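Here the structure is laid out as structure tokens; the discussion comes afterwards.
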Amino acid sequence: MENRKDHIEQLFAEKLGKLDMQPPQMVWHRIDARRKNRRIMLLFRYAAVVVLLLASGFTIRYFLTQPENQTLTKQLVLTQAGNNSLQNAVDVAEAVTASSAVSGSVETLVSASRTATPTASNDTGKSETRQLTATESEQQLADATMLLSSAMPEDKNSEIVSAGTTDHLADSTDSEDLSTLLLALIPAPEIADDVPTLAVQNVNISLAFGQTPGFNSGTNGSDGIAGANFSFDKFAGDLAYETRYFEEVERTDFSMPLSFGLLFSYPVSQSLLIESGLQYTRLAHENSTFVINDYQNRYKTNLHYLGLPLGIRFVMLKDKRIRLFITQAFVLEKGLGSHSVTERYFKGKLYETSRDNTHIRGMQLSSVSSGGAETSLVGKLSAYVQAGVQVFFLNETQPFNMRSEHSAWPSFQAGLRFDLSAENKRGAIKNTH
Amino acid sequence: MDEKQLLKDCLDGNRQAQKRLYDQFAGKMFALCMRYARNQQMAEDFLQEGFIRVFSKLDTFRGQGSFEGWIRTIMVNTSLELLRKNDLLKKSLSISEAFELPDQLELPADRLNEQYLLSCIQSLPAGFRAVFNLYAIEGYTHKEIGELLSISEGTSKSQYARAKAWLQQRISN
């Protein structure tokens, strides 16, 4: 090291450089306690990861196996309904729904249907079919349809088979396996366009544009000697690590955050959908320091986040034109990077610019609660808007941003939603009565 | 017990060894933290966090250079990081405001005793305090300070000059 010390430097270096001051004994006790807690927290984290992985695995398995069962279930039930046994249809619905939840296998479904509906197949090879008038048949069918729609979730493959007293059904019930019989129903002999179908919900994809309105927070000038130069929310400010300015910040301006992404919706019932996807968010702000000796620095920072939202959407009201819904989601965001530009001014004139990219550690969790409306545009394309509140669960790892100042912000989102289902109205077997 | 054995015992999770290591360095490191902190309570927080990091990063010490120097580096970095978090943007004053401060420090008969010098440093705005400590006492260059604090070399020089002038004024008054 160069010999550069003057009197002041020497004085402080000699007097304070090798100073020894014993800290209070309680400091060691706090260190000891923290280290013990840290070990416990690590165990909790590992346990949480294991639970999360298991839950994800079960969820994926559930959704992968569920559609097939539901399709068969509906076909079974409606077959029974078509055979004029409404009560049996209800029994089958309950039995099959219960059994499919347990085993999820086709064999179980068939077995359950046989157990619950002795009228479906009998030893003599004839279906115990009671001839109905067309009105009665339609009424029962409508009842069964309503019952089913409330009892079971729908899926992309489900279709409502409007089966009346089908002769080909009655003839084949005795000799063929019921599952084979049911599959034979799918290629409908006639397609009846005028037969109403249940609304078939499918996987939707949404292109979403979101905004969390950031307010220009303006001057944060010091309010008195003891006042802060920066109007941090105390809790949030305490947790905002990695704020990089070792200078006195006079003013901070936040830009309105922007986000966009893709969301996938999967219906679990007629009114309830699970949503997930990916979303990108940009946060930006500018810090200006006090002018000292005619020098001033301005730091422009852009933070880029990639988020994984997971939530539910509940459709409260369905109309031909509009659907109203409420949503609740959690968003886990990982910072992709922080890009900052430093501008240095002397007497108000820019004389130097430098750029810097830094890594963002850790994750950001937030909760979004909102309500909105959706309207059909063309074909399977619809548009929606939603508004609500986004609450950020701040942690020690995130760099300073507008979320550091307040943890709750209004949230607006607008987007286009596209129904990915291959067919919404695949058709229905015409009621032969 | 020599230092190598002490480190090995600490790495093995021996709590008694960790306590001995703490006792050996706590005094010097607490004095260091006092220079970066605004007050004793803050210095205790720096010391606590610093030693937690020392214990958790002990396996990364390769034995190159002195162990005390390694601990000192961790303490300095921890103090700077916690200053960023807690102090600077919330309560830090500009140097101009510090100049306008009424005499909060009672001038002792011996203006050059350690306690008085320490309180002078502690009364500096946090950014100036950090730059002065790093340059005058730790021996960093302005270039290194600029990289460490993410400020320009010029800013470091400017802040150091103003901090030194203010301290000189305090001592000579």
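Quantities reported herein were computed from a predicted structural model and do not represent experimental measurements. Here is the naming used below: chain letters follow the sequence lines, and residue numbers restart at 1 for every chain.
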### Task
List the steps, then state whether side-chain contact (heavy atoms from CB on, under 4.5 Å) holds for A:L19 with B:Q115.
CA-CA 10 Å; A:L19 191 62; B:Q115 200 58 47; over 6 Å; no
Can you name the closest pair of heavy atoms from [X] and [Y] and give their distance?
X	Y	answer
A:L16	B:E114	CD2-O, 3.6 Å
A:I31	B:L47	CD1-O, 4.5 Å
B:A136	A:E9	CB-CG, 4.0 Å
B:Q40	A:P24	NE2-CG, 3.8 Å
A:F12	B:I137	O-CD1, 4.0 Å

### Task
Determine the interplanar angle of the B:F55 and A:W28 rings, folded into 0 to 90°, and report it as parallel if under 30°, tilted if 30 to 60°, perpendicular if over 60°.
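Ring orientation, 0 to 90° scale: perpendicular.
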### Message
With a 4.5 Å cut-off on side-chain heavy atoms, are B:D45 and A:R30 touching?
### Response
yes
Distance check, rounded to the nearest 0.5 Å: [X] atom [atom1] versus [Y] atom [atom2]?
X	Y	atom1	atom2	value
B:E49	A:R34	CD	CZ	4.5 Å
B:L32	A:D20	CG	CG	11.5 Å
A:K15	B:L117	NZ	CG	7.0 Å
A:I8	B:K164	CD1	NZ	7.5 Å

### Task
Report the C-alpha distance between B:Y22 and A:V27 in whole Å, list the side-chain angles of each, state the deciding distance to 0.1 Å, and finish with yes or no for side-chain contact (heavy atoms from CB on, under 4.5 Å).
CA-CA 10 Å; B:Y22 171 82; A:V27 176; 3.5 Å; yes
### Query
For B:Y160, is it the side chain, the backbone, both or neither that has a heavy atom under 4.5 Å from a heavy atom of chain A?
side chain
### Query
Can you name the side chain to side chain contact (heavy atoms under 4.5 Å, CB included) partners of A:A329, sequence neighbours left out?
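So A:A329 forms no side chain to side chain contact (heavy atoms under 4.5 Å, CB included) with any residue.
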### Query
How about A:K334: does its NZ atom have over 12 heavy atoms from other parts shown lying under 6.0 Å from it?
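Yes, because the 6.0 Å sphere around NZ of A:K334 holds more than 12 heavy atoms from other groups.
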### Task
Heavy atoms only, distances under 4.5 angstrom: which of B:K28, B:M29, B:Q48 has the most pairs with chain A? Name it, please.
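Top count of heavy-atom pairs under 4.5 Å with chain A: B:Q48.
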